[in-house]
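Below is one structure, written out as structure tokens; the observations come after it.
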Amino acid sequence: DSGVTQTPKHLITATGQRVTLRCSPRSGDLSVYWYQQSLDQGLQFLIHYYNGEERAKGNILERFSAQQFPDLHSELNLSSLELGDSALYFCASSVAPSLGAEAFFGQGTRLTVV
Amino acid sequence: SQQGEEDPQALSIQEGENATMNCSYKTSINNLQWYRQNSGRGLVHLILIRSNEREKHSGRLRVTLDTSKKSSSLLITASRAADTASYFCATDLNFGNEKLTFGTGTRLTIIP
């Protein structure tokens, strides 16, 4: 158990819908990272938050947004869903804003868009 | 595009043999990490090697880093069936870009 909790574990939704994925980082970790893993794109970095502030952005679509709340949990919002958004979404947490430390990954949310 | 590229993409060996995976990257880094992912599950950190280190050991794992060639290797000795997983290298770039960029992974299968 990495100490990072992601909910829900599985999500099936229709095209055009909006979903929210939730991540609770390890106790004491201020950094949260979101990644998307699909068969054809591998692990893609989406966004990084540190102590409530956005620190880095990857190839995150405009239909996607995220935030980190004062209690440090984070939410990834995916809207106007398309079939191609079906993927595993991971969050990871770390103590450091710059990664000289390991990242701890949650078990992921498997999103299926039908 | 991926910063890291693992080689080979897939590897099958007999239990007890050693497994070697390689990772190449494109730009200067602060450190390089190796992760393991069991099918459909979260990634688990294995080992971190800093840019000023050349070799690191952790149990049955040995990692080397050659910054002049922009490459790293992960050696798993005396492999076990439980080592069956995908292995990824991840780099953080040294111009302050705060993200881990993952390679494409090596799928390792240990045959009992």
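Since the model is a prediction, treat every value here as computed from it, not as a measurement. When reading the values below, keep in mind they use all heavy atoms of this one structure, side chains included, and skip hydrogens, waters and symmetry mates. Chain letters run A, B, ... following the sequence lines, proteins first, then strands; residues in each count from 1.
Note: the hydrophobic cluster containing B:I49 also contains B:Y87 (ILVMFWY, side chain heavy atoms under 4.5 Å, direct or indirect links). Neither A:F104 nor A:L76 shares a network with the other; the hydrophobic side chains, linked directly or stepwise wherever heavy atoms of I, L, V, M, F, W or Y lie under 4.5 Å apart, form separate groups for each. Grouping the Ile, Leu, Val, Met, Phe, Trp and Tyr side chains by contacts below 4.5 angstrom, directly or via other members, places A:I47 apart from A:F105. Cluster membership for B:F88 and B:V44, using ILVMFWY side-chain heavy atoms within less than 4.5 angstrom, is not shared. Both A:L11 and A:L46 are assigned to one and the same hydrophobic cluster, defined by single-linkage of ILVMFWY side chains at heavy-atom distances under 4.5 Å.
For CD of A:E62, the number of neighbouring non-hydrogen atoms (other residues, nucleotides, ligands) closer than 6.0 Å is 12 at most. In this structure, B:R80 places its CZ atom where only 12 or fewer heavy-atom neighbours from other residues, nucleotides or ligands lie under 6.0 Å away. Within 6.0 Å of CZ on B:R41 lie no more than 12 heavy atoms contributed by other residues, nucleotides or ligands. Summarising the local packing, CD of B:E55 is surrounded by more than 12 heavy atoms from other residues, nucleotides or ligands at distances under 6.0 Å.
A heavy-atom distance below 4.5 Å is not found between the side chains of A:L43 and B:T104.
Residue B:F102 forms a ring-ring contact (aromatic ring centres under 6.0 Å, His included) with just one option from A:Y33, A:F45, A:Y35, and that option is A:Y35.
For residues 81-92 of chain A, the interface with chain B (any heavy-atom pair closer than 4.5 Å) comprises A:L88, A:F90, sorted by residue number. Interface residues of residues 106-114 of chain A toward chain B, defined by a heavy-atom distance below 4.5 Å and sorted by number: A:G106, A:Q107, A:R110.
The contact between A:Q37 and chain B is made entirely by side chain atoms (from C-beta outward), counting heavy-atom distances below 4.5 Å.
To the nearest 0.5 Å, the span separating OG on A:S94 from CG on B:L100 amounts to 8.0 Å.
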